[in-house]
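Accompanying notes for the structure given below.
Per chain, numbering begins at 1; letters A, B, ... match sequence-line order.
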Amino acid sequence: MSDKASKDFHENIKDHLRPDGRKPDDFRPIKIEVGVIKRADGSAYVEFGKTRVVAAVYGPEPMHPRHLADPEKAVLICRYNMLPFSVEERKKPGPDRRSIEISKVVKDALSTVVVLEEFPKCMISVDMVVLEADAGTRVAALTAASLALADAGIPMREMISAIACGRANGQIVVDLTKEEEDAEDAVDVPVAMSSLTKRISLLQMDGDLTIEEFEAILDKASNSCVKIHAMQRDALLKKYKKEGEEVDIDDEY
Amino acid sequence: MSDKASKDFHENIKDHLRPDGRKPDDFRPIKIEVGVIKRADGSAYVEFGKTRVVAAVYGPEPMHPRHLADPEKAVLICRYNMLPFSVEERKKPGPDRRSIEISKVVKDALSTVVVLEEFPKCMISVDMVVLEADAGTRVAALTAASLALADAGIPMREMISAIACGRANGQIVVDLTKEEEDAEDAVDVPVAMSSLTKRISLLQMDGDLTIEEFEAILDKASNSCVKIHAMQRDALLKKYKKEGEEVDIDDEY
Amino acid sequence: MSDKASKDFHENIKDHLRPDGRKPDDFRPIKIEVGVIKRADGSAYVEFGKTRVVAAVYGPEPMHPRHLADPEKAVLICRYNMLPFSVEERKKPGPDRRSIEISKVVKDALSTVVVLEEFPKCMISVDMVVLEADAGTRVAALTAASLALADAGIPMREMISAIACGRANGQIVVDLTKEEEDAEDAVDVPVAMSSLTKRISLLQMDGDLTIEEFEAILDKASNSCVKIHAMQRDALLKKYKKEGEEVDIDDEY
Amino acid sequence: MTSTKLTVEYIKNLLEMGRRLDGRSLNEFREIKVKYGISKKAEGSAEVCVGNTRVVAGVKMEIGEPYPDTPNKGVLVTTAEFLAMAAPEFEPGLPGEDAIELARVVDRGIREGNAIDMEKLCIVEGEKVWVVFLDIFVLNHDGNLIDAAGMATMAALLDARMPKLTEDYEVDRSELTDPLPIRDIPIPITVRKHNEHLILDTTALEEEVLKGKFTVTTKINGNLCAMQLSDGMAMTKEEVLKAVRLARDTSSRIRENIFGDQLKRVKKQ
Amino acid sequence: MTSTKLTVEYIKNLLEMGRRLDGRSLNEFREIKVKYGISKKAEGSAEVCVGNTRVVAGVKMEIGEPYPDTPNKGVLVTTAEFLAMAAPEFEPGLPGEDAIELARVVDRGIREGNAIDMEKLCIVEGEKVWVVFLDIFVLNHDGNLIDAAGMATMAALLDARMPKLTEDYEVDRSELTDPLPIRDIPIPITVRKHNEHLILDTTALEEEVLKGKFTVTTKINGNLCAMQLSDGMAMTKEEVLKAVRLARDTSSRIRENIFGDQLKRVKKQ
Amino acid sequence: MTSTKLTVEYIKNLLEMGRRLDGRSLNEFREIKVKYGISKKAEGSAEVCVGNTRVVAGVKMEIGEPYPDTPNKGVLVTTAEFLAMAAPEFEPGLPGEDAIELARVVDRGIREGNAIDMEKLCIVEGEKVWVVFLDIFVLNHDGNLIDAAGMATMAALLDARMPKLTEDYEVDRSELTDPLPIRDIPIPITVRKHNEHLILDTTALEEEVLKGKFTVTTKINGNLCAMQLSDGMAMTKEEVLKAVRLARDTSSRIRENIFGDQLKRVKKQ
């Protein structure tokens, strides 16, 4: 951003309080819990305000159907689903085009950190279920999925944390609600970043942004991901402490 | 049932004639025929009044797709289907949730008597088609399926006979018609019983019954199954006589 | 046809010009091109007036799923599809009953000339896509498919050429448009004929024809197929000349 | 060589001598049996057996909208299913290409042969018409399915009576009124070929040898109303014409035999 | 012998002595936990845990047309899905026969047990009624799914408040009004059998041994409103009656324990 | 090592030196050819070739209901299919996740870039609006499908003329009237990455090496209207911003080159 543009831009933005009383950089109340689905190899629950998501991991296990196996690495299978009663208007059960796309970008993001090469011919399944949706479900799902993989002991080079930032009611804000997403000028940018190399692996946008606005959003998002990551770590530690195990979580988690 | 309750209960019930002139314990005209589908390994036709069902059996043959084979026993596959023109309002062709459930309970019932362990990795298919439906299609289908299995020479520990009993127009009756099923107080209870050990392997109910009423229905149903079984035996004997074969039907059939 | 009948019949027919100014035996402007889809093993484009079709061939390659392979010959797979915007009223994407039937009759016709026995356990796929539809799409598709197979170097005993003839506005005509197909008395008869043995391998009809009329249509169709074949040959030669290859097309093409 | 292959070879040899396994002549049909009213819940229904081939068909009628281009005509919807019980090679599931082809060939025969007076099925032009559902099921497959299906469909149509229409255009099935308005009785006849021989009414075993088929549907007046060559058969022009004539003559004979009574009724109109 | 098989053998031996792996008596339930309002977007929702089995259910309401034969009643639509996350053996995709059976058994209990006063869901007779969607999801499978699903569904129904209806019959979800009219609290109880023993609330491991099941749903007054015997269990008449009584008594006890407060409210009406 | 693998290695080595197999520079596009009106039956249609990549798109318009939350706007429906003919690795059947992603990314560009003035497609507020169907088909896949699809879609929209609306709100396709109201020309540009290098317009072979992609769609005024990072690419913040600028500049250049005439028309409004 040029200095001039940056100055204009920041002057236009007033740090007024948001509809739910938050400041621009505030998250909604976040709750993260690990190990919530007993039968699964790993699982996590993530709550961003009224957005609530459960993720569970099975694997690695032999790929089936077998002809889809990759001889060089594990196949990562991600399924994001909203429960019919998680939204205002009942959603028909089963995947739709939106959920297929979200499943794909979540998988694409996770595949940048999971050490798939360690398990040729295998599959690792990640199921994400949205219990209640109030914006930010894909980033909550990805944050939960990343934790569930760690909980399942799947080797990862680093952790992934995700949050949506954007513009609403004239200012750049963090962790938008559905109400903010419905604002006239709203733009929502879900972003995922890795914990060590700080690389962005999920990034979507639709709306109308200048490059300067986008840059400001990206800044806020990457700062936010660092904070989310700290909460993910805490949740993992909490579970392992509870289980009375030797706590020795690698740096990347 | 306590003696008191039983007395009250039976006094309340008057053995009046039914809409089609039958007495409470009367079946509708029943017609049973074996060997009606030439290409099949076994088949049967059962008619309870205007309810008409054909069943045919193929197998045992190697299970396909192979990965669904059970290394310890044959897989029993049952498919119950109503033809589109078998009911008042045309039914769309193909399975629906109701027919999937009926296929399942019929399979569950048959699996208590068929000696599946004798054919590991195989499948035995039972197809049932309702040509015309006037209540009692699942019990007619199960009665026909059991015969078709016998006709196909599939080893069975005993035969299965089935009938629906229930309450209609204030009394406990046998083999309800659709008209009776539509009565204000109607409850329909399909029941299947085996021929030797007299064990119940299909039992469904929905409505509102006291335990005493249910007990009376169960009594009538088990008596009726004994009679149905005699007719099944006759039909089998008739076929084998026709074929001029040595008639040597085992006791269980 | 008896002489009398034939005379009567031909007198009834006046060789008046058609809605688009063509004479009864005239084709619409025909354009044929070979090698239009670069990734495919063979491909062709055929235009009969405003009817435009692309066909592409892949194979022979090992059949998958494997359990559908034929140990004695290659399996020929044909898929005919209309793009949603190829017709007046948008067609939902994906196969429907009409396109499944057309795919089948095209496959049946091609299977009379392709030397499938040379490639046991293999598959040869023929995809046909209708870009714009103005009657005669199946014969254009089959004409293109036959060329695409030749372009892919798949051994064929002879070439197949196809055209629709029929009755419209009181006379027997060649290569009907949609407008002619909508005439009160219209009957459309798609016909495919092979190049050497002149055998008919696709023939469909629905409408109302005397045997005499049908015979006249069949005559026109077989004459027309000979002309179509010449154009197919030219298109093949043109491609190979362009490529600067030694031109040595077998007689059957 | 498996026993099936041996049989197939044997059938081939017989055909070359103009003979068949069951002793019939090449253009002789098996016994045809028609049973009407196999489901009282249908507006019309019938079962047709051609030898061991067994097909049922039913007619159901509902109120629906006409197609925009035929606002004053009823709508015809035909489906067919080869039930898994009908042959070991049939798989359950959605109708495959053979069942779809059969339904469409039978449908075109009924439709283009003007079997039903579709204009009489118009209730309110452009708004409400009768929709006729024709559902065909193969119970046992012993060859020649299209012909059997065509006859079963025609029998079900001839059996059909229209349900009562209430004043506010609802269907009242408690009362059936007039017969369905039938104008013609098109019959499909399928011809197969072995060398120079044309063969009718093939059994399932014979169809192992004779893969290709050519179906010709003809009306009462001998006109052609539907044709379908398929399954990989190639015929010369002369063979096609010979087959068409054979089919027309056979169709006429069978129509007279199995629908003789109804034929008089239909012709009178 | 795999470790699972060993466990299965061990469970079998224990059952023969009338004992269970987790020390419970044969007709003893695990701890039941109910959590209401797990999705504020639903008209009603609840999660029920029975031991490690975890099921969520939600109620959504829309405006729709009544069935022609019940023009003055609302419509109930029940679906169930065994989420792939709930057990390694569950596959993603359309609900299988077990999930369909569960949905239908729970539905029949709610429907025939008159849990909802369906007449109060009529808006304009024959034209507009409330459609109640009951969606059930198994999050973790540790056995006894039907009972847990039945309780979760009942809890979601008791949690539900009706959305506001605008003057032109549109749903206004910004405001929830009265509770859904609940008339009864039917509870399904599933009985399994090992030799002469009847067993309640089985775990997933126990269900490896005890394949067959018999579910009995009873109303507040002790009347039976739904039954389902399935999964290949054969019982004598006497066993059936014994199981029915056991289920009825257990249902009554559990209803009192987990829905005690609501029970008073419902009984008062 | 297979020949493909060898090629892949060779491409990798070239890219490391900032070079490409076909001699282009890293941010150089192949020749782009646009052909309008490939189906006269469509309201608008076009074919775009980018090198050997070949994509067709068509516009069909129907009358439908608006979404409740945008009662005064038309409806846009975008589908995409990778035809089996387009590449040996494409399977027939329902669109897979890649085709769905492409359709949704292109759709968001058109929608959020305000390519169409959706308010002009309102006929009767809250009741009747034009539904615009955008159908995209890949005929030959030689890489960079999203960009080619975006251009083909935009070309089809610019080609489109609205059908006539009769007095009783029926579509009369015999007469096409005004052009579709186009307000902007958003163009998606996809950036791939190899080490520090950003690469544009990759071929199918290059995409064997460069799996991840980042698509940025920009409007005439240079604003961003859609982005999508996917296929397993991880970028630093700086790389993202560099890619966004590269995409914006390229988009502007290509818009001018292939839609120069229309651009003037659109800007004038």
Looking only at side-chain N and O atoms, does [Y] offer a donor or acceptor that is under 3.5 Å from a partner on [X]?
| X | Y | answer |
| --- | --- | --- |
| T177(C) | D134(C) | no |
| T143(C) | Q232(C) | no |
| S99(C) | D96(C) | yes |

Looking at chain D, which one of [options] has the largest number of heavy-atom pairs inside 4.5 Å, strictly under?
| options | value |
| --- | --- |
| A192(C), G207(C), S201(C), S111(C) | G207(C) |
| K107(C), K198(C), M193(C), M205(C) | M205(C) |
| D208(C), L110(C), I100(C), V113(C) | D208(C) |
| T197(C), V189(C), D206(C) | D206(C) |
| T112(C), L209(C), D182(C) | L209(C) |

Partner of T51(C) by side chain to side chain contact (heavy atoms under 4.5 Å, CB included), out of V130(C), T137(C), V139(C): T137(C)
Pairwise distance OG(S161(C)) to CG(L147(C)) - rounded to 0.5 angstrom: 8.0 Å
Test: D127(C) and R79(C) ion pair at under 4.0 Å: yes
Heavy atoms from other residues, nucleotides or ligands near NZ of K227(C) exceed 12 (cutoff 6.0 Å): yes
Contact leader toward chain C among [options], where contacts are heavy-atom pairs under 4.5 Å:
| options | answer |
| --- | --- |
| G113(D), A103(D), C225(D), G109(D) | C225(D) |
| M233(D), R108(D), R104(D), E101(D) | R104(D) |
| A226(D), G212(D), G222(D) | A226(D) |

Contacting moiety of R248(D), where chain C heavy atoms sit under 4.5 Å: side chain
Residue L241(D) versus chain C: region with a heavy atom under 4.5 Å: side chain
Neighbours of chain C found in residues 90-99 of chain D - heavy atoms under 4.5 Å: E97(D), D98(D)
N/O donor-acceptor pair under 3.5 Å between N72(D) side chain and E119(D) backbone: no
E101(C)/R138(C) under salt bridge (charged side-chain N to carboxylate O under 4.0 Å, His left out): CA gap, chis, key distance, verdict: CA-CA 10 Å; E101(C) 189 197 3; R138(C) 78 191 67 189; 5.3 Å; no
L218(C), part contacting chain D, at a heavy-atom distance under 4.5 Å: both
Any I124(C) side-chain heavy atom under 4.5 Å of P60(C) side chain: yes
Option from K193(D), K211(D), K213(D) for which salt bridge (charged side-chain N to carboxylate O under 4.0 Å, His left out) with D231(D) holds: K213(D)
